[in-house]
Amino acid sequence: MISEDQKRRVNLPLFNDKIAVGWPSPADDYVERSIDLNEYLVKNSAATYFLRAAGDSMINVGIHNDAILIVDRSIEPTDGKIVIASVDGSYTCKRLQLYPEPKLIAENIKYPPIKIDKKEDFEIIGVVLAAINQF
C-alpha cells in the first residue's frame with residue numbers, strides 16, 4: 001500500500017552536468033537520475049520544519065527576504081553553523097559564534113553581532129540546512 005506521503009512526492013530530473021554561473025559552457029542532455037527534494041533537503045523529517053525569512057541580515061550567505069528556511073532540530077549547533085535562536089522571546093536567524101565569546105553574527109555589515117548573555121533567555125531552536133529563494 002502506498003502512503004499519503006509517497007503519493008505527494010514528485011521526483012524530478014537531476015542532470016549530471018553542473019551549470020556554469022560565470023561563462024556559459026555546453027550542456028549535456030544526460031539525466032543523472034531523478035531527485036526527490038525531500039530526500040535531498042530533509043535528513044530527519046521528525047525534527048525538520050520550515051520557516052520563512054524576513055529581512056536582509058543574512059543576505060551575504062544567500063538567505064534573502066521571504067526565503068524558505070529548512071531547519072533541523074536534531075543537528076548539534078556548533079561554531080559557525082547558521083541557526084534559528086530565541087533571544088528573550090524573539091526569534092532570529094544568525095551564524096553562531098562560540099569563540100572567543102558566544103555571539104550571533106549577521107551576514108550583513110549593517111547589523112551588529114548579538115552578544116549572548118547568560119542573563120538573557122536564550123535557546124537555539126535548530127540549525128538551518130538550506131534556503132530556498134524565489135526570483
Linking I/L/V/M/F/W/Y whenever their side-chain heavy atoms sit closer than 4.5 Å, directly or via other members, would Ile105 and Ile109 fall into one cluster? no

Please check if the side chain of Arg95 supplies one atom and the backbone of Met58 the other of a donor-acceptor pair under 3.5 Å. no

May I ask whether Ile114 and Phe122 are part of the same hydrophobic cluster, defined by side-chain heavy atoms of I, L, V, M, F, W, Y residues being less than 4.5 angstrom apart, directly or through others? yes

Distance (rounded to the nearest 0.5 Å) between Arg52 CZ and Ile132 CD1: 9.5 Å

same_hphob_cluster(Val83, Val87) at 4.5 Å side-chain heavy-atom cutoff: yes

Under a 3.5 Å distance rule, please check whether Asp88 uses its side chain to pair with a backbone N or O of Asp121 as donor and acceptor. yes

Under a 4.5 Å cut-off applied to non-hydrogen side-chain atoms, are Asp66 and Gln134 in contact? no

Counting heavy atoms not belonging to Glu101, are there more than 12 under 6.0 Å from its CD? yes

So does Lys103 have more than 12 non-hydrogen atoms from other groups sitting under 6.0 Å from NZ? yes

Looking at side-chain heavy atoms only, is the closest gap between Ile63 and Glu107 below 4.5 Å? no

Under a plain distance cut-off of 3.5 Å, with no hydrogens placed, do Asp56 and Tyr111 share a side-chain donor-acceptor pair? yes

Under a 3.5 Å distance rule, please check whether Asp79 uses its side chain to pair with a backbone N or O of Leu98 as donor and acceptor. yes

His64 side chain near Ile59 side chain, heavy-atom distance below 4.5 Å: yes

Side-chain heavy-atom pair Val127, Asp72 within 4.5 angstrom cut-off: no

Decide yes or no for Leu104 and Ile116: does some side-chain heavy atom of the first lie under 4.5 Å from some side-chain heavy atom of the second? yes

Report whether Val128 and Tyr91 are members of the same hydrophobic cluster (ILVMFWY, side-chain heavy atoms less than 4.5 Å apart, transitive linking). yes

Do the side chains of Tyr49 and Ile125 get nearer than 4.5 Å, heavy atoms only? yes

In this structure, are over 12 heavy atoms from other groups packed under 6.0 Å from Lys115 atom NZ? no

May I ask you to test the Leu51-Ile70 pair for a side-chain heavy-atom distance under 4.5 Å? no

Under a 4.5 Å side-chain heavy-atom rule over Ile, Leu, Val, Met, Phe, Trp and Tyr, are Leu41 and Ile84 clustered together? no

Do Phe50 and Leu69 have side-chain heavy atoms sitting under 4.5 Å apart? no

Please name the pair of heavy atoms, one in Gly62 and one in Asn133, separated by the smallest distance, quoted to 0.1 Å. O-ND2, 2.7 Å

For Asn108 and Ser57, which I'm curious about, is there any donor-acceptor pair between the side chains at under 3.5 Å? no

